[in-house]
Every structure is written in structure tokens, then in C-alpha cells.
Protein chains: 2
Amino acid sequence: MQPVPEIGEGKRGESGYLGYLMRQAVAANRQATERALEDLGVTQPQFLVMTLIHAYPGSSGADLARAAMLTPQTMSVIVANLEKAGRLHRANDPANARRQRLELTEEGLDLLNQSRERVRALDRELAADLTAEQEQFLRKWLVQVAQRHDRAT
Amino acid sequence: MQPVPEIGEGKRGESGYLGYLMRQAVAANRQATERALEDLGVTQPQFLVMTLIHAYPGSSGADLARAAMLTPQTMSVIVANLEKAGRLHRANDPANARRQRLELTEEGLDLLNQSRERVRALDRELAADLTAEQEQFLRKWLVQVAQRHDRAT
DNA sequence: ACAATGATATCAGACTACTGATATAAGAGC
DNA sequence: GCTCTTATATCAGTAGTCTGATATCATTGT
């Protein structure tokens, strides 16, 4: 009663939907990432948001939501969890009473630096078996896929 | 204060983390898929599970969880929502009192057929600009990424 | 026959992620 | 000045996803 194929076989292999294969690969990569960050208590979305705040300090929640392709509501939850853990703090924006400037705390910056190394190592593995041409083709295709559907929104 | 790059620029373009670019592409594709299935009231995970049940009728929740690389608990939620919507029903397994055989209802099968066409159309777009060799390379790489991290579990 | 192990389903709690609705602040146009 | 639109933040509700814990059924080993 379990004729369910293994990864790499049947529809779960090279003959499956491209969309399914992408999701399968991303899911595997996400699990590997979360395992790597587990002992730091950092999730993948939290790592992404800390990275963004570090790159663009003083951004608002709305800014971060746009950058991460998430809704402001979703970002608000992630930011709240990071704040609860003492990894960022909110400051008033002198020019706009509605805006909240988000900045990493010392602890947040420290965690980000530790996390970044591990994530980078995982990322290098992804391209380990590729030639420079293959990697470039891949990157271009991934960006195109994101752009195509983004425009359609 | 919003120097946040557009998709395709800076870290969100070809120079970004491969893992990030993959996620960005998958997120865009998922949004396109959910928009295409919106009026049917079918989500992407629901479409996946209906497809699996159709391919392997009588599977248990645990079987489906393995096939979809999800935990049994997650699958239980999706199955419960599908059941609540009248798209599948549970039947007793004569050989195992614990197991529940999952099967699509008429309505579920009908929805699956409508959904499948739309998803297939989107999937063809993904490969539209690729040569046969490029597509084959891509498929192989995606499967490899999934397999690498799956083995490490 | 019985105990240990494994498989299945499910409860509880947490984090992401969405839509929809609401409230308030800023900016634009008149 | 006043309104209309836009931007921002947040509340409420739903769906998907995880880990951890429990309970029950099946199988295996002795």
C-alpha cells in the first residue's frame, strides 16, 4: 500500500513538475538551514530579517516586508519575535511619528555574524558541483522566474 | 531611507545567495499558483495532497506525509481542511484499525482536474525559454539538492 | 503468551504566512 | 484649511509548518 516513490524517482525525480522540484529543493535547503541555526535559536526568516536590518539599518517594518516579499503583517510577527528575544529594538523616527526605525541590538548583531558563516557554508555547497557557466545560468534563470511572476502581480 | 533593491538588483539579483534566489523564485511561483487556484478555493498544499491521493488512493496520512516530505502532524492539518471542505473522506482499513484510507470524493476529483490544468500551464511557462539541455540540467540539479540534504537527515 | 518495538493518529504549542479590516499619520491637490 | 490618497502599524482569523508528547494498534522476538 506504500508505492510512494523516493526522492529522485518518478514524479519526484527529473520527470516531475518543475515547480514541484523547486519546492522540494527549497524545502530540503530550508531544513538544512534551520538545523544549522538550531542551537542559536534563530529561524530562517529571522536570519533573513536580521540580515536586512543590518544592511538597511533604520528600516521600517513596511520596508522590510517589501524587501523580503512578505506582507507587513507577517513581518510584524517576525519583528515582534526578534524584539521579544532582545535582538532588535524600535526607535522613533523624528520625521514620521508613524514609522518605527528598526535596529539590531549588540546581541542581534552577534547572532547574525555567527549565523551568517553557517548559512554561507551551506550556500557554497549548493554550487559545489557546478561549473562557473552552469552556476551563472542557474542564477539568471532563478532571477527570471522571480521577476516574471512579480511583474504579473 | 528605502534603498531596498528591486528583484533582480543587488543581493536580490544574480549576485545573491543561491538559497535566497531559490526561495525568491519559489515564493513567486507559489503566489502565481495560488492566484491561479484562488477561485477554486484550492491552496498549493491542498493541490499537492489531492494529487497524491489520486495517484495513490487509499494511502494513510503517514504515507502522504512521507511522500510530501511533511510531518504527519502537518499532513493531518491539510487532510482535515480537505475533509472539512468535502473533498476527501476517510475509510477504515480492514487490515489495520489504526490506519485510515484516504480517498477523494467526486467533488475532490473534479477540483483536482480543474486545478491540474492551470498548474500545468504555469509549469510549462517555467521552462518556456530553456533549451532541452538546459531544462535537463536544471531538473538534475534540483533533484540533487533535494537528495543531498535528505540523506543528511 | 507477553514484552518490546514500531507505526499511526492526534493533542498542544510555537512560528510563518496569508487576507481582510481598522486606525492613525503624512503628503497632494484643491 | 480640508479632503483624498497613500503609508504604516496593528488586530482578527485562517492555513501551513514545525517540535514534543500521548495513546493506541500491529508486529516481532523470545
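Labels below follow one simple rule: chain letters A, B, ... track the order of the sequence lines, proteins then strands, and each chain is numbered from 1.
- Partners of B/Arg90 under the salt bridge (charged side-chain N to carboxylate O under 4.0 Å, His left out) rule, at least two apart in sequence or in another chain, are B/Glu83.
- Taking only side-chain nitrogens and oxygens, B/Thr74 never comes nearer than 4.0 Å to OP1 or OP2 of D/dG16.
- Taking only side-chain nitrogens and oxygens, B/Lys84 comes nearer than 4.0 Å to OP1 or OP2 of D/dA15.
- In terms of phosphate contacts, B/Thr71 brings no side-chain nitrogen or oxygen within less than 4.0 Å of OP1 or OP2 of D/dT19.
- With sequence neighbours left out, A/Arg118 forms a salt bridge (charged side-chain N to carboxylate O under 4.0 Å, His left out) with A/Asp39.
- Contact check on B/Arg66 versus B/Asp63 returns a salt bridge, with a Lys/Arg side-chain nitrogen under 4.0 Å from an Asp/Glu carboxylate oxygen.
- Side-chain nitrogen and oxygen atoms of A/Asn81 include none within less than 4.0 Å of the OP1 or OP2 phosphate oxygen of C/dA14.
- Atom-to-atom, CD1 of A/Ile78 to C1' of D/dT10 comes out at 15 Å; the value is rounded to the nearest Å.
- Where B/Pro72 and A/Ala97 each meet DNA chain C at their nearest nucleotide, the meeting point lying more 5' is that of B/Pro72.
- Side chain A/Arg98 to base C/dA23: a donor-acceptor pair is found below 3.5 Å.
- Mapping A/Arg90 and A/Glu34 onto DNA chain D via the closest heavy atom, the residue that lands nearer the 5' end is A/Arg90.
- Sorted by residue number, the members of residues 42-49 of chain A with any non-hydrogen atom under 4.0 Å from DNA chain C read A/Thr43, A/Pro45, A/Gln46.
- Both B/Tyr20 and A/Val143 belong to a single network of hydrophobic side chains, linked directly or stepwise wherever heavy atoms of I, L, V, M, F, W or Y lie under 4.5 Å apart.
- Contact of A/Gln73 with D/dG13 (side chain to base): no donor-acceptor pair of N or O atoms is detected under 3.5 Å.
- Close to D/dT24, at under 4.0 Å from its OP1 or OP2, lies no side-chain N or O of B/Arg99.
- Comparing A/Ser76 and A/Arg30 against DNA chain D, the residue whose closest nucleotide sits nearer the 5' end is A/Ser76.
- A/Gln31 has a side-chain polar atom (N or O) that falls below the 4.0 Å cut-off from OP1 or OP2 of D/dC18.
- A single hydrophobic cluster is seen to contain both B/Tyr17 and A/Met22, as judged by linkage of ILVMFWY side chains at heavy-atom distances under 4.5 Å, directly or through other members.
- The side chain of A/Ser60 places no N or O atom within less than 4.0 Å of a non-bridging phosphate oxygen (OP1 or OP2) of D/dA7.
- Within 4.0 Å (heavy atoms only), A/Gln100 reaches sugar-phosphate atoms of the nucleic acid but no base atom.
- Between A/Arg66 and the phosphate of D/dT8, there is a side-chain N or O to OP1/OP2 separation shorter than 4.0 Å.
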